[in-house]
Amino acid sequence: MCAKSKTARATRSLSLLVVCSSFLASNALAQEVLEEIVVTAQKRENTLQSEPLAVSAFSGEEIARSGGSDANVLGYIVPNLHVGEETNRDGLSLTIRGVSGTDVRNAADPTTAFHVDGSYVPRLSGPQAYFYDVERVEVLRGPQGTLYGRNSTAGVVNVVTRKPDYDAFAGLAEVTAGDYGLVRLNGVLNVPLSDRAAARIAVMSNDRDGYRENAPSEDGDDADERGVRVHLAFQAGENTSVLLSGESYERGGVGGVASFATFPNDSTGLLSSDPAGVNPIDTQGYRDSSDSNFRLELNHSFAAMDFTYLAAYRNHERDFLADADFTAEPSIQSFVQETTESAVWTHEARLTSKGDGAFQYIAGVYLLDEEIDGDFVVGLTHFIFGPTFRVRFVDQGLTNESAAAFLHTTYQVNDRLRWTAGLRYTSDEKDKGGHAGDLGMTADTATGSFQTVGIANGPTFFLAPQIANPEWNETTWKLGFDYDMSENSMLYAHASTGFKAGGYNRGSQTRPGAPLVVYNPETVTAVEGGWKMTTENGRARFNIAAFAYDYKDLQLGQTFTNEAGTITNQTVNASDASVWGLEVEAEALFGESGRGVFSFGYLSTEFDDFTGVDDPLIVGSQSLSASGNELTRAPEFTASIMLEPVVWQFNGGTLTPRVQVHAESEAYLAVLNRDFEKRDSFTKTDLSLFYESAGRNWYAEAYVRNVEDEDVATYMECFDFRQMGVPVQQCERAYAPPRTWGVRVGLRF
C-alpha cells in the first residue's frame, strides 16, 4: 500500500484516540506539575532545565513506554539523532546533528561517545546489551571533550542503570510477547544486605524470529540475547561509598542481514521486489558475540571537594559469518567472516568542588588502554573459476592508548550570571601491531598483524605486514555563559572545540612492507546558544537550541573504492564541512490529566570541500567531487510528538492511551548524493494502551509499533564484483524493523 494511505490510517487512528480520550476525560486523574528531571550531564547532579547545554534525558520507564528495548529508540525521541546498525558486526552507528561514526572496524573510533554509568564503551556490538533496568538515558549533543572521555565530537550518550537500594527488598518480573515469535523476559531483584550494603541483580532474555525472509538461508535480523548485571554497593565509611558492577551479555542467532537493493542499470534480475522483507541468500550466516565488563566506582567526600575514581575492564568478543553478495545466485558464492577480541581498561579520577562558593570546578585525568586480536576474511568462489579467492587481515598485538587531563570551571558573577570555561589535553596513540620479516618486505606472521591474498587452502599471492604507529596530541576548550532571566527561564551560549583521533586503513600500504596510509584527526569548532524555560505553574517546559559547526578533516568511514580490481573499505578525510541547525523540545500537561512531548530538529549540512571521491560501482579512480553535497544520514527536518491525552480511572487502577509519531524528511546514505542513494521521507506511528494497578504492583501494556509498516533504510553500501569475473553491481541496504505488535506484563514486589 502506498505511503499516503499508510499515513492516512495513522492519522485516523490518532484522531480516534483523541476523540475517545476527550469523551472519557471526566474520569481522569489530575496531574498538577511536571516532574523535575535530574541529570549528571556535566558530572554533577543538576536539573535538566539548569544545564546550560543541549541535553535530552529520559527515565527508564519513558524509554520502555517509547518502545525502547535497545538504542534504536533514541532515533525516534531525540531531535537530530539517527541510529543505524552495521549488519555483519552488529556495530551501533550513532549520528548526531549530521555527523556519523560509521566505521566499526577494529581500532576505529566512534564519533559519539557511548557510556554506561560514566564508563566509556569503545566497541558497540548489540544495542540491547545495556538497555534493561535503566534509571535514565542522557543524550548530550555537540562536542563534550572538556568533560567526557575520548572522541566525543558529535556528542555523548550515557546510560545510567538502576543502583541498589539500601532500604527495601524489591523486585520486578516482566514478560513481553508479540509477533515474529517475540518472547522477552526481564527480571530484577534488589536485596539489602545490611544498613551499609545492598545488591541488585538484573537479567534479560530476548528471543525473536527474523524480520527478513532469506530462504534458502534462515531468516535474518533475528534476536537471541541474554544479559545479566550485578551491582554491589556499600558504605565503606561515613564519607566513602563503593560500587562494584559486573555485566555479561551474549548475542547469537543468524545475525543482521542487508538486502541486495536498487542500483542503476540493473540487468541481472537478482533484485527483490521487497528487499526490506524478502532477500534470498545462499550462505547461511551466524552470529556469536559477547561482552563482559567489570566496573569500580569509589566516591569519597572531603571537606571542600569530592573525589571520584572510575575503573572499568571490558572484554568484547565477536564471531560472525555472513553472505557478502546478498544474493542466492548459484554462480556467486561470497562470504565475510570475522573473529575478534577486544580487551580494554579505562580509568578516570576527578575532583569536584562543593559548597556555595562562586568558583566551582571539576578536574581529572583519564586513561584508556585497549588490545585487539582479530581475524577478518572476505572470500569469493566462482563456479567457473572453482577455488575460493580470499583476502585476509589478521590483527595480533593491535593497541589503542589514550591519556587526557581536563579542567571544567564555573564562576558565579552574580545571582544571575555564570561563566564557564573548560580545557582538555589529549594524547592518542594507535599501533597496528605489524612487524616486517627478515627481508623487510614480508610479514612476521607469528607475532604481528598482517594481510594475505590468495586461494583458500592453496597458494598465497600476497603477504605483507600491517604496520602503522601514529600518535596525536590535541588541546580542546570550551567557553560560555548562562544567565537567569527569571527564576524559571535561562539563556546560555558557548563556543567549544572537539577532537577525534586519526587512524589507518588496513590493506592501504603503497607497496609490500610499507606502512599503512594514515588518515588525519577530525576537529570541530562549535557555537551553540539556547533558551530554557519552565512556566510559572510548572505545567510546561520549553528548550530551544541553535548551533553552528565548522569541521576540519571530517572522517567518513565505510567509504568504498574499487582500485585495480580490488574493493577497499576506507576511512577518508573530507577537508571541510559545515553544519548548522535548530532544535526545539517541549513537554506540557493539558486538560485534566493529559501530557504531550514534542521535539523538532532542523539541519543544514554541506561538504565545503571534498574532492577525490571514487564511485565504488566503477573500477579505477575517478576523483569525483562531493563538494556542496549534504552529509549522510542528515535529514533536513525531524519531528516527534507523543500524546497521552488522558489518564482514566479504570478497575481501581489507571489506563493510559498513548500515541507517538516520528517524521523525517529524505536523507542521503552516500556522499555522492545520487537519487538511488537517497532514503525517502517517512513517518512512524506507535500506539499503546498501558494499565497500572492502584498499588502500582503490576502493569500491562498492549502496543503496535510502526503502524504505517514503512520500509526505512538505515544505511547503504555499494560494490562492483565485475572485476572478479562476476557480472554483478550491487548496492545493499539495511532496514529498520517493520510493523510489530505485542503485549508487555510486569509484576513489581
Checklist entry - Taking the side chain as C-beta and beyond, is there a heavy-atom pair between Asn279 and Glu732 under 4.5 Å? => result no
Next on the checklist: Just to verify, what does Phe542 make a ring pair (Phe, Tyr, Trp, His ring centres under 6.0 Å) with, not counting sequence neighbours?
Outcome noted: none
Checklist entry - Cut-off 3.5 Å, side chains only: do Arg97 and Thr605 have a donor facing an acceptor? => result no
Next on the checklist: Less than 3.5 Å apart, any donor N or O on the side chain of Glu708 or Thr685 sitting next to an acceptor on the other?
Outcome noted: yes
Checklist entry - Can you find a heavy atom in the side chain of Ser640 that is under 4.5 Å from one in the side chain of Ile77? => result no
Next on the checklist: Can you tell me how the ring of Phe169 sits relative to the ring of Phe749, calling it parallel under 30°, perpendicular over 60° and tilted otherwise?
Outcome noted: tilted
Checklist entry - Got a salt bridge between Asp680 and Lys678, using NZ or NE/NH1/NH2 to carboxylate O under 4.0 Å? => result no
Checklist entry - Do you see a donor-acceptor pair shorter than 3.5 Å between the side chains of Ser289 and Arg318? => result no
Next on the checklist: Please check this pair: side chain of Ser693 against backbone of Trp698, looking for a donor-acceptor N/O pair closer than 3.5 Å.
Outcome noted: yes
Next on the checklist: Working note: Asn206 + Arg208, criterion side chain to side chain donor-acceptor pair (under 3.5 Å); need CA distance, chi angles, decisive distance, verdict.
Outcome noted: CA-CA 7 Å; Asn206 186 38; Arg208 176 181 44 75; 5.8 Å; no
Item to check | Aromatic Tyr132 / basic Arg229 pairing, under 6.0 angstrom, 45° off normal | outcome: yes
Next on the checklist: Check this for me, if you would: do Asp165 and Lys163 make a salt bridge, where the nitrogen-to-carboxylate-oxygen distance has to be below 4.0 angstrom?
Outcome noted: no
Item to check | Between Arg679 and Thr714, a side-chain donor and acceptor under 3.5 Å | outcome: no
Next on the checklist: Determine whether a donor-acceptor pair (N or O, by modelled atom type, separation under 3.5 Å) exists between the side chain of Arg739 and the backbone of Val707.
Outcome noted: yes
Checklist entry - Between Thr535 and Asn537, does a side chain to side chain donor-acceptor pair (under 3.5 Å) hold up when you go through it step by step? => result CA-CA 5 Å; Thr535 59; Asn537 60 11; 2.7 Å; yes
Checklist entry - Between Asp179 (side chain) and Trp741 (backbone), is there a donor-acceptor pair under 3.5 Å? => result yes
Next on the checklist: Looking at Arg744 and Val175, would you say the former's side chain and the latter's main chain have a donor-acceptor pair under 3.5 Å?
Outcome noted: no
Checklist entry - Going by an N to O cut-off under 4.0 Å, is there a salt bridge joining Glu250 and Arg226? => result no
Checklist entry - Would you say Glu636 has more than 12 foreign heavy atoms packed within less than 6.0 Å of its CD? => result yes
Checklist entry - Looking only at side chains, do Arg184 and Asn186 share a donor and an acceptor under 3.5 Å apart? => result no
Checklist entry - Is there side-chain contact between Tyr691 and Leu655, with heavy atoms separated by less than 4.5 Å? => result yes
Checklist outcome for this item: Residues Gly255 and Asp222: closest non-hydrogen pair is N-OD1, 3.0 Å
Next on the checklist: Counting C-beta onward and ignoring hydrogens, is there a side-chain heavy-atom pair between Tyr180 and Pro737 closer than 4.5 Å?
Outcome noted: no
Checklist entry - Hey, does the side chain of Asn158 reach the backbone of Gly118 with a donor-acceptor pair shorter than 3.5 angstrom? => result yes
Checklist entry - Any chance CZ of Phe650 has more than 12 other-residue heavy atoms, nucleotides or ligands included, within less than 6.0 Å? => result no
Item to check | Exercise: identify the closest heavy-atom pair between Asp221 and Arg212 | outcome: OD2-NH2, 3.1 Å
Checklist entry - Just how far is it from atom CG of Asp209 to atom CG of Asp224, taken to the nearest 0.5 Å? => result 11.0 Å
Item to check | Min side-chain heavy-atom separation Asp686-Ser66 under 4.5 Å | outcome: no
Checklist entry - So, do Tyr602 and Phe637 have ring centers that fall under 6.0 Å from each other? => result yes
Next on the checklist: Let's go through Glu701 and Glu174 carefully: what are the C-alpha distance in whole Å and the side-chain angles of both, what is the deciding distance for side-chain contact (heavy atoms from CB on, under 4.5 Å) to 0.1 Å, and is it a yes or a no?
Outcome noted: CA-CA 11 Å; Glu701 181 184 36; Glu174 180 184 278; over 6 Å; no
Item to check | Nearest heavy atoms of Trp531 and Met533, plus distance in Å | outcome: CZ2-CB, 3.4 Å
Checklist outcome for this item: Minimal heavy-atom distance between Ile37 and Ala57, with the atoms involved, is CG2-CB, 3.8 Å
Checklist entry - Once you round to the nearest 0.5 Å, how far does CD of Glu51 lie from CD of Glu138? => result 8.0 Å
Checklist entry - Just by distance, with hydrogens left out, do Glu585 and Asn543 show a side-chain donor and acceptor under 3.5 Å apart? => result no
Checklist outcome for this item: Rounding to 0.5 Å, atoms CG (Leu669) and CD (Glu677) come to a distance of 8.5 Å
Next on the checklist: I'd like to know if the side chain of Thr40 pairs up with that of Arg136 as donor and acceptor (distance under 3.5 Å, no hydrogens or angles considered).
Outcome noted: yes
Item to check | pair Arg162-Asn190: side-chain heavy atoms closer than 4.5 Å | outcome: no
Next on the checklist: With rounding to the nearest 0.5 angstrom, report the OG to CD distance, Ser56 to Glu583.
Outcome noted: 7.5 Å
Checklist entry - When rounded to the nearest 0.5 angstrom, what is the spacing between CZ in Phe682 and NE2 in His662? => result 4.5 Å
Checklist entry - Out of curiosity, Phe326 CZ to Arg733 CZ, how far, rounded to the nearest 0.5 Å? => result 13.5 Å
Next on the checklist: Check Asp291 with Arg123, please: is the shortest side-chain N to carboxylate O separation under 4.0 Å?
Outcome noted: no
Next on the checklist: To check you understand the geometry: which heavy-atom pair defines the closest contact between Gly98 and Ala634, and what is its length?
Outcome noted: CA-CB, 3.7 Å
Checklist outcome for this item: Scanning both residues in full, the closest heavy-atom pair of Val139 with Leu81 reads CG1-CD1, 3.7 Å
Item to check | Trace of the side-chain contact (heavy atoms from CB on, under 4.5 Å) decision for Ser59 with Glu35 | outcome: CA-CA 11 Å; Ser59 68; Glu35 294 183 7; over 6 Å; no
Checklist entry - Does the Ser245 side chain pair with the main chain of Arg295, one donor and one acceptor, at a distance under 3.5 Å? => result no
Item to check | side-chain hydrogen bond (donor to acceptor under 3.5 Å, both in side chains) partner of Thr161, chosen from Arg200, His231, Glu135 | outcome: His231
Next on the checklist: Assess whether a salt bridge exists between Glu528 and Arg141, defined as any Lys/Arg side-chain N lying under 4.0 Å from an Asp/Glu carboxylate O.
Outcome noted: no
Item to check | Expected output: side-chain Arg595 to main-chain Val647 donor-acceptor under 3.5 Å | outcome: no
Item to check | Stepwise side-chain contact (heavy atoms from CB on, under 4.5 Å) check, Gln42 with Leu53 | outcome: CA-CA 9 Å; Gln42 297 196 93; Leu53 73 164; 4.0 Å; yes
Item to check | Sub-4.5 Å side-chain heavy-atom contact between Pro110 and Tyr120 | outcome: yes
Checklist entry - Can you say whether the rings of Phe114 and Tyr130 are parallel (under 30°), tilted (30 to 60°) or perpendicular (over 60°)? => result tilted
Checklist entry - Under the 3.5 angstrom rule, does the side chain of Asn214 hit a backbone N or O of Gly220 as a donor-acceptor pair? => result yes
Checklist entry - Does Glu61 pair with Arg696 as a salt bridge, N-O distance under 4.0 Å? => result no
Item to check | From CA spacing to verdict: side-chain contact (heavy atoms from CB on, under 4.5 Å), Ile63, Val134 | outcome: CA-CA 9 Å; Ile63 289 286; Val134 170; 5.5 Å; no
Next on the checklist: Taking Val78's backbone N and O only, do any of them form a donor-acceptor pair with Ser599's side chain (distance below 3.5 Å, no angle check)?
Outcome noted: no
Next on the checklist: Quick one, Thr740 and Asn706 - any side-chain contact, counting heavy atoms below 4.5 Å?
Outcome noted: no
